[in-house]
Amino acid sequence: MTTLILGLLIFLGVHSLRIFADGWRSQVRTRIGANAWKGGYSLLSLLGFGLLVWGYGQARLDPVLLWSPMVGTRHLAALLMLPSFILLAAAYVPQNGIKARVHHPMVLAVKVWALAHLLANHTLADLVLFGSLLLWAVLDFRSSRQRDRAANTVYPAGTLSGTVATVAVGAVAWAVFAFWAHGWLFGVRPFG
């Protein structure tokens, strides 16, 4: 559990600089240069991510059960992942109406992903991992929207074709993950 928590502290700490220390972040980035900043940010993010994945895997070997899982929560979580994958696709597919409307679809995707996994899982490690990521996503979304309002950011309107492509890409990615990749990667089949 210690490795999981350390990984979360590093990974979420790096990803929380814009939430809690945006001015400091901007000053350091200006002083050392954008490339050096991105390099350090990437290295720390990878270190934190590696530690949290390893720590979570180790915690799963000796789970601390918090409650009995309810029947059907795995299927509910798998269905909630469909909008999560569509939101994730909206962060990358150009000219889609979803990004035009919600502005930060990747952070919303993390929110839905974390909530879905909290519903389906029932150990202390699950609560620590998914609860931390859900809390971070809530705070990051709020902070991002505040920055948008302060800067009067205007997002370009989406097109119907961009939105349809976003939904299609997200749905296909969800199906691949739900019916094959999740079981292969994590040993858990959402619909199995």
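One-based numbering along the sequence shown.
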Donor-acceptor contact present, side-chain [X] to main-chain [Y], <3.5 Å:
{"X": "Arg74", "Y": "Arg189", "result": "yes"}
{"X": "His117", "Y": "Trp113", "result": "yes"}
{"X": "Asp126", "Y": "Thr123", "result": "yes"}
{"X": "Trp54", "Y": "Gly7", "result": "no"}
{"X": "Thr159", "Y": "Gln95", "result": "yes"}
{"X": "Thr163", "Y": "Gly97", "result": "yes"}
{"X": "Asn96", "Y": "Ala90", "result": "yes"}
{"X": "Ser84", "Y": "Ala109", "result": "yes"}

Verify same cluster id: [X], [Y] (apolar side-chain graph, 4.5 Å):
{"X": "Leu4", "Y": "Leu51", "answer": "no"}
{"X": "Leu129", "Y": "Leu118", "answer": "yes"}
{"X": "Ile86", "Y": "Val164", "answer": "no"}
{"X": "Leu82", "Y": "Val188", "answer": "no"}
{"X": "Phe179", "Y": "Leu185", "answer": "yes"}

Subject >> Polar side chain donor-acceptor pair, Ser144 to Arg147, under 3.5 angstrom >> reply: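 There is such a pair between these side chains.
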Original post:
Cut-off 3.5 Å, side chains only: do Ser143 and Asp140 have a donor facing an acceptor?
Top reply: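 No, Asp140 and Ser143 have no side-chain donor paired with an acceptor closer than 3.5 Å.
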Parallel, tilted or perpendicular: which one describes the rings of [X] and [Y], with boundaries at 30° and 60°?
{"X": "Phe85", "Y": "Phe177", "answer": "tilted"}
{"X": "Tyr155", "Y": "His103", "answer": "parallel"}
{"X": "Trp184", "Y": "Trp180", "answer": "parallel"}

Original post:
Counting only heavy atoms not in Met1, do more than 12 sit closer than 6.0 Å to its CE atom?
Top reply: yes
**OP:** Could you tell me whether Arg101 atom CZ has more than 12 heavy atoms of other residues or ligands within 6.0 Å of it?
**Re:** no
Subject >> Derivation and outcome, side chain to side chain contact (heavy atoms under 4.5 Å, CB included), residues Met106 and Leu87 >> reply: CA-CA 6 Å; Met106 182 180 286; Leu87 286 165; over 6 Å; no
**OP:** Applying side chain to side chain contact (heavy atoms under 4.5 Å, CB included), run through Trp136 and Ile19 and close with a yes or a no.
**Re:** CA-CA 9 Å; Trp136 170 82; Ile19 300 170; 3.8 Å; yes
**OP:** Nearest 0.5 Å please: distance from the CE atom of Met81 over to the CG atom of Leu79.
**Re:** 11.0 Å
Original post:
Nearest 0.5 Å, what's the CG-CG distance between Leu88 and Leu108?
Top reply: 11.5 Å
Original post:
Who are the salt bridge (Lys or Arg N to Asp or Glu O under 4.0 Å) partners of Arg25, not counting sequence neighbours?
Top reply: Asp22
**OP:** Show your working on side chain to side chain contact (heavy atoms under 4.5 Å, CB included) between His15 and Tyr41 and close with a plain yes or no.
**Re:** CA-CA 9 Å; His15 285 82; Tyr41 183 96; 3.1 Å; yes
Original post:
Do Phe20 and Leu139 come within less than 4.5 Å of each other through their side chains, counting heavy atoms only?
Top reply: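 When only atoms from C-beta onward are counted, Leu139 and Phe20 do touch, with a gap below 4.5 Å.
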**OP:** Give the intermediate values and the outcome of side chain to side chain contact (heavy atoms under 4.5 Å, CB included) for residues Gln27 and Thr30.
**Re:** CA-CA 5 Å; Gln27 288 173 353; Thr30 300; 5.9 Å; no
